[in-house]
Amino acid sequence: MKRIVSRGLVSGLALSAALFAGAAWAKDDITFAMQLEPPHLDPTSAAAQAIDSVVYVNIFEGLTRFMGDGSIVPALAESWEISGDGTVYTFKLHEGVTFHDGSAMDAEDVKFSLDRARAEDSVNAQKALFAGIDSVDVVDPLTVKVTLKEPNGNFLFNMAWGDAVIVAPESIENIKTAPVGTGPYTLGEWVQGDKIVLNRNPGYWGAQPALAKATFKFISDPTAAFAAMMAEDVDVSANFPAPENLPQFEVDPRFTVTVGSSEGETILSTNNKQPPFDNIKVRQAIAHAIDRQAIIDGAMFGYGTPIGTHFAPHHPAYVDLTGLSAYDPEMAKALLAEAGFPDGFETTLHLPPPSYARRGGEIVAAQLAQVGIKAEIINVEWAQWLETVFKGKNFGLTIVSHTEPMDIGIYARPEYYFQYDNPAFQELMTTLNSTTDPDKRTELLQQAQRIISEDYVNGFLFQLAWPTVAKAGVQGLWANAPTAATDLSAISWSE
């Protein structure tokens, strides 16, 4: 039986096919896999990297911002002037910027945000970034003057952190679940335990991004992340949690794989105030009990760079100090005996969900056991880790990757969760902050690296690699991770 199709129907089918092809070509949504779900969406009141991974430069913006190459560029600040003595920064704000609720963003909001971050009762996880601010003054609606107590060569860098984004006082009460920023995306929905959806902000003050919608799917299990990517249920998995599967993606034409660098110093964090870790010989023994390469090979399948201090190897000021804590279990046993623990001791090892922690923790525990240290593994969810370890300081050992950019300054905070208190180091950081000469800053940074390495503050393991698996056609992804971010405005699909 011959099938007869009218010309009109043929034309209609052709038109439909053309429209379909156009729709495929103009794909404007994307789905990311994330291993950790944010505890909430306020980057100014928590240390969780997962928050910035969703909201940084998407929902919230600061005066300055990081780019994918690590450079600092203007954001809400159109320009700035710095006084001759380096203590006064006068920021000129972009005109016509509005928050997602339609209200104007102006100098009053900048003053509110910075004053809130540095207030005595501030809960900002990086409050030290704002400690050098003496005053914030509104000059006019589009001009704000920030006066520092002393020159700070890092000030524009500090203002680029997610902890320094600009928020409005009217939206603070519900900021954790209903964030209102100035960015190119708004919160569409948050299905806890499943996903967060961001929608393009039609009222954005800057250029409209190519993507109309972005979905962040929470997939904590590495095996499930691999399956979701292979099934093309997700489009991108940055910091892919199953490095053993990367070779399979590399030979599959449906995908592209990049392995970049991150700011993630992965460390065996040590509670320096809790006995016996208040004894430097014990900390030194732990450092010599650890075989970094075995951890990198066993937990990360070779992806990672050994470190001997809290500093990224790709930074020009980096010093290779791995020799100070070379793997030497016999030396570790001798040091424990000198410290009064010839038979070792027992402690706890809290492990948050990421693969580097759970997989690496099993290897670290086995290595410590070889020298007599029995570490009880306690697997915790991210929210538990933040509450028990980071805030409560109720731990012996833990493994975590510090992904904040060039954050060696955390060792100058005695109240920080690993509780390292060294006045000489604190003075060095104060000097560094007031130094603007590049060569002198490099010298001071190298001194800082040596001090914490020689004090064996933590077990310095490796710099986290940044493997990204994406569907072929996704373009504009950051190859490296100079900060925790998914810069949606840079991403699009190729034709």
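Values in this document were obtained by computation on a predicted structure and should not be read as measured data. The analysis underlying the following values was restricted to heavy atoms, covering all of them including side chains, and did not include hydrogens, waters or symmetry mates.
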d(Leu397 CG, Gln274 CD) to nearest 0.5 Å is 8.5 Å
Side-chain H-bond candidate by donor/acceptor type, Arg413 with Gln419, under 3.5 Å | no
Please tabulate, one pair per line, all N/O donor-acceptor pairs under 3.5 Å involving side-chain atoms of residues 147-166, not counting sequence neighbours.
{"residue": "Lys149", "atom": "NZ", "partner": "Ala131", "partner atom": "O", "Å": "3.0"}
{"residue": "Asn152", "atom": "OD1", "partner": "Asn154", "partner atom": "N", "Å": "2.8"}
{"residue": "Asn154", "atom": "OD1", "partner": "Arg441", "partner atom": "NH2", "Å": "2.8"}

For the residue pair Ile175 and Leu41, establish whether any side-chain heavy-atom pair is separated by less than 4.5 Å.
-> no
Please find out if less than 6.0 Å separates the ring center of Phe462 from that of Tyr356.
-> no
Give a yes or no answer on whether the side chain of Ser434 reaches the backbone of Thr431 with a donor-acceptor pair at less than 3.5 Å.
-> yes
Only one of Asn458, Asn272, Asp455 passes side chain to side chain donor-acceptor pair (under 3.5 Å) with Tyr420, and that residue is Asp455
Main-chain N/O of Pro184 paired with Arg200 side-chain donor or acceptor, under 3.5 Å | no
Which heavy-atom pair separates Thr182 from His100 by the least distance, and what is that distance?
-> C-NE2, 3.9 Å
Non-hydrogen atoms of Asp109 and Met105 that approach each other most closely | OD2-CA, 3.4 Å
Taken in chain and number order and not counting sequence neighbours, the residues that satisfy side-chain hydrogen bond (donor to acceptor under 3.5 Å, both in side chains) with Asp328 are none
Could you give the distance from CG (Asn394) to CD (Glu387), rounded to the nearest 0.5 Å?
-> 11.0 Å
Find the distance between CG (Leu321) and CD1 (Ile452) and round it off to the nearest 0.5 Å.
-> 9.0 Å
For the pair His40 and Thr177, evaluate side chain to side chain contact (heavy atoms under 4.5 Å, CB included) and give the outcome as yes or no after the intermediate values.
-> CA-CA 6 Å; His40 57 74; Thr177 56; 5.7 Å; no
With side chains defined as the heavy atoms from C-beta onward, is the minimum distance between Phe418 and Asn271 less than 4.5 Å?
-> no
Please tabulate, for the side chains in residues 306-314, all donor-acceptor contacts under 3.5 angstrom to protein atoms that are two or more places apart in sequence or on a different chain.
{"residue": "Thr309", "atom": "OG1", "partner": "Gln449", "partner atom": "O", "Å": "2.9"}
{"residue": "His310", "atom": "ND1", "partner": "Tyr411", "partner atom": "OH", "Å": "2.8"}
{"residue": "His310", "atom": "NE2", "partner": "Glu265", "partner atom": "OE1", "Å": "3.4"}
{"residue": "His310", "atom": "NE2", "partner": "Asp407", "partner atom": "OD1", "Å": "3.0"}
{"residue": "His314", "atom": "NE2", "partner": "Glu263", "partner atom": "OE2", "Å": "2.9"}

Quick check: does any side chain N or O of Gln463 sit under 3.5 Å from a backbone N or O of Ser262, one acting as donor and the other as acceptor?
-> yes
Closest non-hydrogen contact found for Leu386 with Pro39 is CD1-CG, 4.1 Å
Please work out which of the three classes, parallel, tilted or perpendicular, describes the rings of Tyr417 and Phe395, given edges at 30° and 60°.
-> tilted
So, for Ile377 and Gly361, which heavy atoms are closest and what is the spacing to 0.1 Å?
-> CD1-O, 4.1 Å
Heavy atoms, side chains only, cut-off 4.5 Å: are Asp42 and Ser45 in contact?
-> yes
N/O donor-acceptor pair under 3.5 Å between Arg283 side chain and Tyr456 backbone = yes
Can you name the side-chain hydrogen bond (donor to acceptor under 3.5 Å, both in side chains) partners of Asp233, sequence neighbours left out?
-> none
More than 12 heavy atoms from other groups under 6.0 Å of CD on Glu415 = yes
Euclidean distance, Ile378 CD1 relative to Thr348 OG1, rounded to 0.5 Å | 5.0 Å
Between Asn422 and Ala412, is there a donor-acceptor pair closer than 3.5 Å when you use the side chain of the first and the backbone of the second?
-> no
Other residues, nucleotides, ligands: >12 heavy atoms within 6.0 Å of Lys92 NZ | yes
How long is the gap from CZ on Phe425 to CD on Gln447, to the nearest 0.5 Å?
-> 10.5 Å
Using atom types as modelled and distance alone, determine if a side-chain donor or acceptor of Ser53 lies under 3.5 Å from a backbone N or O of Gln49.
-> yes
Answer yes or no: is there a side-chain heavy-atom contact under 4.5 Å between Val380 and Leu351?
-> no
Close side-chain approach of Phe66 to Pro405, heavy-atom, < 4.5 Å = yes
Backbone of Gly183 reached by a side-chain donor or acceptor of Asn201 within 3.5 Å = yes
Answer yes or no: is there a side-chain heavy-atom contact under 4.5 Å between Ile491 and Val474?
-> yes
Evaluate the criterion ring pair (Phe, Tyr, Trp, His ring centres under 6.0 Å) for residue pair Tyr185 and Tyr204; output intermediate values, then yes/no.
-> CA-CA 8 Å; Tyr185 289 87; Tyr204 183 54; 8.5 Å; no
Just do the side-chain hydrogen bond (donor to acceptor under 3.5 Å, both in side chains) check on Asp221 and Gln35 with the steps written out, would you?
-> CA-CA 7 Å; Asp221 179 67; Gln35 190 171 23; over 6 Å; no
When you measure from the side chain of Glu454 to the backbone N and O of Ile451, does any donor-acceptor pair fall under 3.5 Å?
-> no
With a 6.0 Å cut-off on ring centres, are Trp385 and His350 close enough?
-> no
4.5 Å side-chain heavy-atom contact, Ile286 and Phe277 = yes
Is the CD atom of Gln475 crowded by more than 12 outside heavy atoms at less than 6.0 Å?
-> yes
Of all the heavy-atom pairs spanning Thr347 and Gly396, show the shortest one and how long it is.
-> OG1-CA, 3.6 Å
Residues that Trp190 engages under side-chain hydrogen bond (donor to acceptor under 3.5 Å, both in side chains), provided they are two or more places apart = Glu37
Could you please spell out the steps behind the side chain to side chain contact (heavy atoms under 4.5 Å, CB included) verdict for Trp478 and Asp69?
-> CA-CA 8 Å; Trp478 286 9; Asp69 61 1; over 6 Å; no
For Val364 and Ile399, run side chain to side chain contact (heavy atoms under 4.5 Å, CB included): C-alpha distance rounded to whole Å, both residues' side-chain angles, the deciding distance at 0.1 Å, then the answer.
-> CA-CA 9 Å; Val364 167; Ile399 295 179; 3.9 Å; yes
Does the pair Ser122 and Asn124 meet the rule for a side-chain hydrogen bond (donor to acceptor under 3.5 Å, both in side chains), with working shown?
-> CA-CA 5 Å; Ser122 169; Asn124 194 297; 5.1 Å; no
If you look only at pairs with a residue in residues 285-306, which of them pass as a side chain to side chain donor-acceptor pair (under 3.5 Å), with sequence neighbours excluded?
-> Arg292-Ser325, Gln293-Asp297
Any donor-acceptor pair under 3.5 Å from Asn58 side chain to Leu488 backbone = yes
Please name the pair of heavy atoms, one in Glu381 and one in Gln384, separated by the smallest distance, quoted to 0.1 Å.
-> N-OE1, 2.8 Å
Report yes or no: does Lys273 contribute a side-chain atom to a donor-acceptor pair with the main-chain N or O of Lys393 at less than 3.5 Å?
-> no
Rounded to the nearest 0.5 Å, how far apart are CG of Leu93 and CG of Leu63?
-> 7.0 Å
Note: Glu244-Arg359 ion pair, threshold 4.0 Å (strictly below) = yes
Are any of the side-chain heavy atoms of Met230 and Asp252 separated by less than 4.5 Å?
-> yes
